[in-house]
Amino acid sequence: MAILEILEFPDPRLRTRAEPVAEVDAKTRTLIDDLFETMYAAPGIGLAATQVNVHQRLLVMDISDDQSDPQVYINPEVTVIDEQLGEYDEGCLSVPGYYETVSRPQRVAVTALDRDGNTFTRELDGLAAICLQHEIDHLDGKLFVDYLTPLKRQRIRKKLEKEHRRRA
Ligand code: GNR
Ligand code: NI
């Protein structure tokens with residue numbers, strides 16, 4: 001197992017659109033294990049492969065308090081089943097230190113492959129629905145800051161760039 005480096009905004013690699021996973025094999029399962037280890041260590045409630053510079057359509061989530069509900073979604077396809085929007089203060093491991101309100105559909109259905117390559121469908125609401133949509137955005141090269149005003153996004157970008165220069 002390995003803890004992987006998480007890319008941070010405004011790294012252009014976070015804008016890559018991920019490709020479908022062709023086959024769920026041993027290498028895929030190693031990546032899944034590394035994503036969980038990286039997510040739990042951060043700590044976070046979700047992590048998309050894009051964030052560790054692997055441009056495959058794969059994400060992991062665990063919204064439990066005690067690491068008891070690891071969920072894997074490979075090649076996820078989401079459909080909105082309730083257009084009603086809910087607001088939530090979102091954060092992102094790729095935008096460390098910033099939380100801003102984002103509106104998203106409250107209830108979605110998702111069809112995906114699990115770590116054995118089997119297809120499943122489930123309905124999600126609450127934080128799980130928010131997190132899943134946030135992670136699928138990563139696979140499409142999108143970040144929660146894209147929902148903010150250009151002024152807010154630019155302010156966050158400048159501060160993170162300064163922080164990255166300080167670290168370098
Ligand atoms: O850990 C995370 N917390 C979070 C809080 C509100 C909305 C979304 C998230 S996902 C985030 C981890 C992350 O960046 N996943 O891509
Ligand atoms: Ni994120």
Side-chain angles (χ1 to χ4, degrees), residues 1-21 28 31-78 80 82 84-108 110 112 115 122-149 152-157 159-161 163-164 167:
M1 299 254 283
I3 292 177
L4 307 174
E5 187 189 334
I6 298 175
L7 302 178
E8 294 186 4
F9 177 67
D11 192 311
R13 293 171 290 182
L14 287 167
R15 299 310 190 175
T16 310
R17 189 180 163 82
E19 296 289 338
V21 174
T28 313
L31 173 61
I32 290 166
D33 292 343
D34 291 346
L35 285 170
F36 275 119
E37 189 177 11
T38 303
M39 179 187 78
Y40 287 133
I45 60 169
L47 192 65
T50 305
Q51 293 175 275
V52 299
N53 201 31
V54 175
H55 301 290
Q56 297 182 25
R57 301 192 74 81
L58 194 163
L59 65 91
V60 300
M61 277 173 42
D62 188 340
I63 61 164
S64 74
D65 309 323
D66 54 357
Q67 306 189 359
S68 62
D69 190 20
Q71 299 187 2
V72 177
Y73 296 88
I74 300 167
N75 299 342
E77 298 286 350
V78 82
V80 173
D82 182 355
Q84 192 169 317
L85 301 179
E87 289 188 339
Y88 197 82
D89 270 3
E90 295 198 14
C92 181
L93 295 171
S94 296
V95 190
Y98 295 88
Y99 292 84
E100 297 286 349
T101 307
V102 176
S103 293
R104 300 184 188 271
Q106 285 183 337
R107 211 171 158 80
V108 298
V110 58
R115 67 177 286 138
R122 76 166 62 108
E123 291 186 13
L124 299 177
D125 61 11
L127 184 56
I130 293 163
C131 190
L132 181 83
Q133 293 176 79
H134 173 116
E135 302 314 333
I136 291 176
D137 275 353
H138 278 302
L139 303 181
D140 292 330
K142 189 159 188 178
L143 297 168
F144 85 90
V145 296
D146 299 342
Y147 297 101
L148 309 179
T149 63
K152 273 193 178 174
R153 186 165 52 255
Q154 165 136 306
R155 204 190 61 211
I156 294 170
R157 179 165 61 78
K159 287 190 177 162
L160 281 174
E161 281 172 343
E163 170 64 15
H164 296 157
R167 277 190 226 152

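Whatever order the structure lists ligands and atoms in, that order sets their numbers, starting from 1.
- Within the 4.0 Å heavy-atom criterion, the part of Gln51 lying near ligand 1 is the side chain and not the backbone.
- Tally of protein N, O or S atoms closer to the Ni ion (ligand 2) than 2.8 Å: 3.
- For residues 50-78, the pairs satisfying ring pair (Phe, Tyr, Trp, His ring centres under 6.0 Å) are Tyr73-Phe120, with sequence neighbours left out.
- A salt bridge does not link Lys159 with Glu163: none of the charged nitrogens is closer than 4.0 Å to a carboxylate oxygen.
- For atom 5 (C) of ligand 1, the closest non-hydrogen atom on the protein side is Gly91 N, 3.8 Å.
- In terms of N/O distances under 3.5 Å, ligand 1 is approached by Ile45.
- Below 4.0 Å from some heavy atom of Gly44 lie the following atoms of ligand 1, by number and element: 1 (O).
- Heavy-atom proximity to Tyr88, at under 4.0 Å, picks out these atoms of ligand 1: 6 (C).
- Looking at Arg157 and Arg153, their side chains never come closer than 4.5 Å, going by heavy atoms from C-beta outward.
- Where the criterion is an N or O separation shorter than 3.5 Å, residue side chain and backbone included, Leu93 meets it with respect to ligand 1.
- Nearest protein heavy-atom neighbour of atom 12 (C) of ligand 1: Gly46 O, 3.2 Å.
- Residue Leu7 comes nearest to Thr50 through the heavy atom pair CD1-O, 3.8 Å, listed as atom of the first residue, atom of the second, then distance.
- Against a heavy-atom cut-off of under 4.0 Å, Cys92 is close to the following atoms of ligand 1: 14 (O).
- At a 4.0 Å heavy-atom cut-off, ligand 1 touches His134 through the side chain alone.
- No more than 12 heavy atoms of other residues, nucleotides or ligands lie within 6.0 Å of OH in Tyr88, so this atom counts as exposed by the packing criterion.
- Using modelled atom types, one side-chain atom of Asp62 and one backbone atom of Asp69 make a donor-acceptor pair closer than 3.5 Å.
- Under a cut-off of 6.0 angstrom, the local environment of CG in Asp65 is sparse, with at most 12 non-hydrogen atoms contributed by other residues, nucleotides or ligands.
- Side chain of Arg107 to main chain of Asp125: no donor-acceptor pair is present (N/O by atom type, distance under 3.5 Å, no hydrogens or angles).
- Between the side chains of Asn75 and Glu77, no donor N or O sits under 3.5 Å from an acceptor N or O.
- Less than 4.0 angstrom separates some heavy atom of Glu135 from each of these atoms of ligand 1: 10 (S), 13 (C), 15 (N), 16 (O).
- Between Leu47 and ligand 1, no pair of N/O atoms sits closer than 3.5 Å.
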| request: Quick one: do Thr101 and Glu87 satisfy side chain to side chain donor-acceptor pair (under 3.5 Å)? Show the steps, please. | output: CA-CA 6 Å; Thr101 307; Glu87 289 188 339; 5.5 Å; no

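- Atoms of ligand 1 lying under 4.0 Å from at least one heavy atom of His138, given by number and element, are 16 (O).
- Among Leu59, Thr16, Leu58, the single residue meeting the side-chain contact (heavy atoms from CB on, under 4.5 Å) criterion with Leu139 is Leu59.
- Electrostatic pairing of Arg13 and Glu5 does not count as a salt bridge here, judged by no charged N lying under 4.0 Å from a carboxylate O.
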